[in-house]
Amino acid sequence: MKLEITTSGQFKIVKVDGRIDTTRAVEFESSVVNLIDQGCNNLIINCLGLNYISSSGLRVFLVLQKRLAGQQGVFRLCCLKPEIQEIFDISGFSTIFQIFPTEEAALAGEK
Amino acid sequence: MNTHDRKQLILGNRVEELTKMETFLEELGTDWNLPMPLVLNLNLALEEAITNIMFYGYDDEESHTILIEFSRTDNQLTIHIIDDGHEYDPTARPDPDITLAAEDRPIGGLGIFLIKKVMDQVDYERKENKNYLKLNKRIEK
């Protein structure tokens with residue numbers, strides 16, 4: 001798993017490449033939580049390079065959503081591959097999260 | 001069925017062993033010419049089942065082995081997962097309510113549900129002090 005963090009306006013964008021599974025979820029969680037601890041309140045996870053997620057990874061997304069919602073922050077996802085979207089659909093996560101087709105749409109908040 | 005249509009993987013009850021499984025499944029996908037989405041679903045079902053055993057199956061600090069057997073026919077993949085942990089029937093676990101809003105969704109509890117969703121059939125049996133979990137999935141080319 002590789003994470004690339006950029007800033008666009010008031011958003012931090014985390015581009016994740018590879019897998020978020022049981023062995024990698026802790027690292028993913030601590031990196032992103034660290035961003036929030038440093039004051040990031042508007043977060044986009046770009047999932048273009050995400051090719052595998054298990055319940056350990058889904059759990060982290062839910063943790064981030066709850067954390068940011070609790071501090072009136074914004075949490076958006078974009079660019080999910082069809083196989084990742086399927087796992088989100090199965091889990092009922094597609095309706096919990098704000099998911100956008102592109103990074104531009106996520107930044108604008110317009111589907 | 002000849003030996004080419006059977007493979008097995010033995011894992012220790014340590015999370016690091018999942019990396020071994022990941023590599024094994026990639027090779028299995030290539031050897032058996034399985035479509036990539038199927039390999040991903042297989043990996044997901046197995047990761048959920050195996051981590052459950054590793055995290056909740058044992059009280060002691062001893063090392064245990066988990067045996068995973070793969071077999072296939074032309075259009076059917078069958079996986080047996082055998083462990084010597086506590087008796088635990090994942091198929092008996094109630095499904096989570098996936099319609100709840102984020103603030104009401106419990107953290108966790110999705111793993112078993114994902115196994116049932118990505119596999120066609122999941123069966124459990126307890127015999128000789130071991131858990132036998134059988135997963136079936138149709139191979140669609």
Side-chain angles (χ1 to χ4, degrees), chain A residues 1 17-30 32-33 36 43 45 47 49-77 80-99, chain B residues 11-26 29 34-56 66 90 93 95-120 140:
Chain A
M1 183 194 65
D17 270 309
R19 302 163 62 96
I20 309 180
D21 56 18
T22 306
T23 53
R24 296 161 177 99
V26 175
E27 183 196 342
F28 175 66
E29 180 171 8
S30 63
V32 182
V33 165
I36 300 173
L43 185 66
I45 310 280
C47 300
L50 179 66
N51 47 39
Y52 177 87
I53 191 163
S54 68
S55 68
S56 309
L58 292 171
R59 182 195 151 273
V60 179
F61 280 92
L62 191 58
V63 166
L64 296 172
Q65 167 77 26
K66 287 187 189 229
R67 169 88 190 264
L68 282 168
Q71 56 189 56
Q72 279 72 51
V74 175
F75 183 57
R76 294 175 183 159
L77 309 178
L80 273 66
K81 287 183 178 171
E83 53 270 32
I84 301 296
Q85 179 74 50
E86 190 196 338
I87 302 301
F88 273 72
D89 290 345
I90 291 173
S91 314
F93 273 34
S94 303
T95 50
I96 297 185
F97 295 104
Q98 296 185 57
I99 301 175
Chain B
L11 298 179
N13 60 326
R14 297 176 295 118
V15 172
E16 302 81 61
E17 295 278 284
L18 289 171
T19 317
K20 196 160 113 185
M21 186 175 83
E22 191 184 315
T23 312
F24 180 94
L25 290 174
E26 277 169 21
L34 302 173
M36 186 46 81
L38 175 60
V39 176
L40 287 173
N41 280 341
L42 199 57
N43 195 327
L44 180 61
L46 284 171
E47 180 184 330
E48 303 298 349
I50 301 297
T51 51
N52 229 30
I53 298 167
M54 288 175 175
F55 293 153
Y56 309 112
I66 302 162
R93 192 190 162 101
D95 291 340
D97 183 352
I98 59 163
T99 62
L100 291 176
E103 58 268 32
D104 302 321
R105 283 293 289 263
I107 304 278
L110 264 180
I112 305 294
F113 181 66
L114 286 174
I115 302 174
K116 288 197 248 175
K117 285 291 187 181
V118 299
M119 292 289 122
D120 295 331
E140 283 168 33

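Since the structure is predicted, the reported quantities are computational estimates derived from the model, not experimental observations. Proteins come first, then strands; the chains are lettered A, B, ... in the order of their sequence lines, and each starts at number 1.
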Chemist: How many angstroms lie between OG in A:S54 and CD1 in B:I50, if you round to the nearest 0.5 Å?
Modeler: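 It comes to 13.0 Å.
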
Chemist: Relative to chain A, which segment of B:N43 carries a heavy atom at a distance below 4.5 Å: side chain, backbone, both, or neither?
Modeler: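 Both parts, heavy atoms under 4.5 Å.
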
Chemist: Is there a side-chain contact between A:E83 and B:P37 in this structure, where contact means two heavy atoms from C-beta onward sitting under 4.5 Å apart?
Modeler: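 Sidechains of B:P37 and A:E83: no contact.
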
Chemist: Quick check: closest heavy atoms across A:I96 and B:A102, and the distance to 0.1 Å?
Modeler: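 Where A:I96 meets B:A102 most closely, the heavy atoms are CG2-CB, 3.1 Å.
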
Chemist: What part of A:L58 gets within 4.5 angstrom of chain B, counting heavy atoms only: side chain, backbone, both, or neither?
Modeler: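 Side chain only.
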
Chemist: Which region of A:R67, side chain (C-beta onward) or backbone (N, CA, C, O), has a non-hydrogen atom less than 4.5 Å from a non-hydrogen atom of chain B, or is it both or neither?
Modeler: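 It is neither, since no heavy atom gets under 4.5 Å.
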
Chemist: At what distance, to the nearest 0.5 angstrom, does CD1 of A:I84 lie from CG of B:L40?
Modeler: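 Answer rounded to 0.5 Å: 7.5 Å.
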
Chemist: Locate the shortest heavy-atom distance separating A:K66 from B:R105; write the atom from each residue and the value.
Modeler: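 Distance-wise, the nearest heavy atoms are NZ-O, 2.6 Å.
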
Chemist: Where does B:L18 contact chain A at under 4.5 Å (heavy atoms): side chain, backbone, both or neither?
Modeler: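 For B:L18, the side chain is the part near chain A, not the backbone.
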
Chemist: Tell me, for B:T99 versus chain A, whether the close heavy atoms (under 4.5 Å) come from the side chain, the backbone, both or neither.
Modeler: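 For B:T99, neither part sits under 4.5 Å from chain A.
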
Chemist: Which atom pairs, one a donor and one an acceptor, fall under 3.5 Å between side chains of residues 108-120 of chain B and the rest of the protein, sequence neighbours left out?
Modeler:
{"unit_1": "B:K116", "atom_1": "NZ", "unit_2": "B:R93", "atom_2": "O", "d": "3.3"}
{"unit_1": "B:K116", "atom_1": "NZ", "unit_2": "B:D95", "atom_2": "OD1", "d": "2.8"}
{"unit_1": "B:D120", "atom_1": "OD2", "unit_2": "B:R138", "atom_2": "N", "d": "2.7"}

Chemist: So, using ring-ring contact (aromatic ring centres under 6.0 Å, His included) as the criterion, who are the partners of A:F93 when residues are at least two apart?
Modeler: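 In terms of ring-ring contact (aromatic ring centres under 6.0 Å, His included), with neighbours along the sequence ignored, A:F93 is linked to A:F97.
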
Chemist: Let me confirm one number: the CD-CG distance from B:E22 to A:D21, rounded to the nearest 0.5 Å.
Modeler: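 These two atoms lie 6.0 Å from each other.
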
Chemist: Name the member of B:E16, B:E47, B:E48 that forms the most heavy-atom pairs with chain A at distances under 4.5 Å.
Modeler: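 Ranked by heavy-atom pairs under 4.5 Å with chain A, first place is B:E47.
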
